[in-house]
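What follows is a short report on a single structure.
In what follows, every heavy atom counts, from backbone to side chain, and hydrogens, waters and symmetry copies are set aside.
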Protein chains: 2
Amino acid sequence: MSDFSLDNRPLYEVKANLFKGLAHPVRIRTLERLAGGGDVSVSELLADTGLEPSHLSQHLSVLRRHNLVVADRRGSQVFYRLAYPQVADLLSVARILLVEVLQTTQRHLETSEADVSSTAPRS
Amino acid sequence: MSDFSLDNRPLYEVKANLFKGLAHPVRIRTLERLAGGGDVSVSELLADTGLEPSHLSQHLSVLRRHNLVVADRRGSQVFYRLAYPQVADLLSVARILLVEVLQTTQRHLETSEADVSSTAPRS
DNA sequence: TCATCACTTAACATTTTCATCATATCACCG
DNA sequence: CGGTGATATGATGAAAATGTTAAGTGATGA
């Protein structure tokens with residue numbers, strides 16, 4: 001409860017905390033599913049991912065604590081959605097960066113391989 | 001070395017990994033300083049933050065491993081800069097989201113306070 | 001060459017996450 | 001009510017990240 005005051009703290013701490021909330025594959029998967037739009041029930045998320053209910057539930061709890069998603073119960077099911085559309089923006093900007101990184105890394109790999117095959121690199 | 005292949009892994013894992021690289025106040029501070037543009041020497045970063053050299057250096061190492069920054073040595077000093085301008089984009093989109101979250105949380109707090117003062121919420 | 005400044009890496013104890021399993025809650029149906 | 005499906009919470013051990021201190025490398029300049 002002390003790590004989520006969001007206020008009275010330097011912005012860089014709050015921001016680091018936000019990224020901490022995003023720093024897990026299950027949570028990214030979940031957010032990306034929710035970024036598709038509309039509400040998604042826990043059942044659907046479970047079916048999609050094949051995770052153990054309690055495992056997913058704990059990650060959903062993390063996402064809630066970070067104010068990234070909101071949930072509402074309808075009957076016996078619970079539906080989740082993004083708390084803010086900006087969450088989807090963040091994910092897509094991350095993807096753009098990642099594509100760039102991957103492409104560059106790819107190029108570097110190719111270059112290294114070339115250097116390996118011909119030990120004396122020409123030009 | 002196994003956690004940074006960047007390739008041959010589902011995108012959501014790579015993405016989660018990216019966020020992990022951002023998930024620390026010192027690293028956010030550093031990136032934000034570098035996002036200002038230009039190269040910044042470790043000395044300057046140390047002066048700005050007042051951190052222990054080894055502490056900062058370890059975080060710089062994390063940022064390098066995540067391909068978020070690049071360093072080059074000039075004489076006895078080492079200069080860092082963002083590896084991609086998109087890193088700055090990511091930070092600024094995060095800020096936008098955060099402002100939204102903070103504003104909303106603020107509103108909720110005010111509402112709660114009002115509810116406290118009058119125990120029976122009207123409407 | 002060796003002393004020093006600038007920075008990095010290594011080693012290790014501490015703290016924080018994570019995964020797993022057991023238990024609890026909540027809503028509905030019989 | 002009691003049972004069952006859907007989800008959440010709690011507890012525990014393992015794994016990973018963090019902070020600290022010490023030792024290492026690389027360039028510079030006496």
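In this structure, A/Arg73 and A/Ser61 both approach DNA chain D, and ranking their closest nucleotides by distance from the 5' end singles out A/Arg73. Where B/His55 and A/Pro53 each meet DNA chain D at their nearest nucleotide, the meeting point lying more 5' is that of A/Pro53.
A side-chain N or O of A/Arg64 and one of A/Tyr80 form a donor-acceptor pair less than 3.5 Å apart.
Of the candidates D/dT18, D/dT7, C/dC21, the closest approach to any side-chain atom of B/Arg27 belongs to D/dT18. With C/dT8, D/dA8, C/dA19 as the candidates, the nucleotide lying closest to the side chain of A/His59 is C/dA19. Among the nucleotides D/dT18, D/dT7, C/dA6, the one closest to the side chain of B/His24 is D/dT18.
Backbone-only contact: B/Ser43 has heavy atoms under 4.0 Å from sugar-phosphate atoms and none from a base. Residue A/Arg74 is classed as having no contact, given no heavy-atom separation below 4.0 Å to the nucleic acid. A/Gln58 comes within 4.0 angstrom of a base, heavy atoms only. Among the heavy atoms of the strands lying under 4.0 Å from A/Tyr80 are primed sugar atoms or P, OP1, OP2 only; no base atom is included.
Rounded to whole Å, the distance from CG on A/Leu51 to P on D/dA8 is 13 Å. In this structure, A/Phe79 atom CZ and D/dT7 atom C1' are separated by 13 Å, rounded to whole Å. Protein atom CG of A/Leu63 is 15 Å distant from nucleotide atom C1' of D/dT7, rounded to whole Å. Residue B/Arg65 contributes atom CZ, which lies 8 Å from atom P of D/dA17 at whole-angstrom precision. Between the CG atom of B/Leu22 and the C1' atom of D/dA17 there is a distance of 15 Å, given to the nearest Å. Separating the CG atom of B/Leu60 from the P atom of D/dG19 is a distance of 14 Å, rounded to the nearest angstrom. If you take CD of A/Glu52 and P of C/dT20, they are 6 Å apart, rounded to a whole angstrom. At whole-Å resolution of the value, CD in A/Glu13 and C1' in D/dT18 are 14 Å apart.
A donor-acceptor contact under 3.5 Å is formed by the side chain of B/Ser54 with the base of D/dT21.
Judged by distance alone, the side chain of A/Arg27 and the main-chain N or O of A/Leu63 form no donor-acceptor pair under 3.5 Å.
A single hydrophobic cluster is not seen to contain both B/Phe79 and B/Leu34; linkage of ILVMFWY side chains at heavy-atom distances under 4.5 Å, directly or through other members, places them apart.
Phosphate proximity of D/dA27 to B/Ser76: absent, as no side-chain N or O sits under 4.0 Å from OP1 or OP2. For C/dT9, the OP1/OP2 oxygens have a side-chain nitrogen or oxygen of B/Arg64 closer than 4.0 Å.
Looking at A/Arg29 and A/Asp48, no side-chain N of the basic residue comes within less than 4.0 Å of a carboxylate O on the acidic one, giving no salt bridge.
Ring planes of A/His59 and A/His24: tilted class, angle from 30 to 60°.
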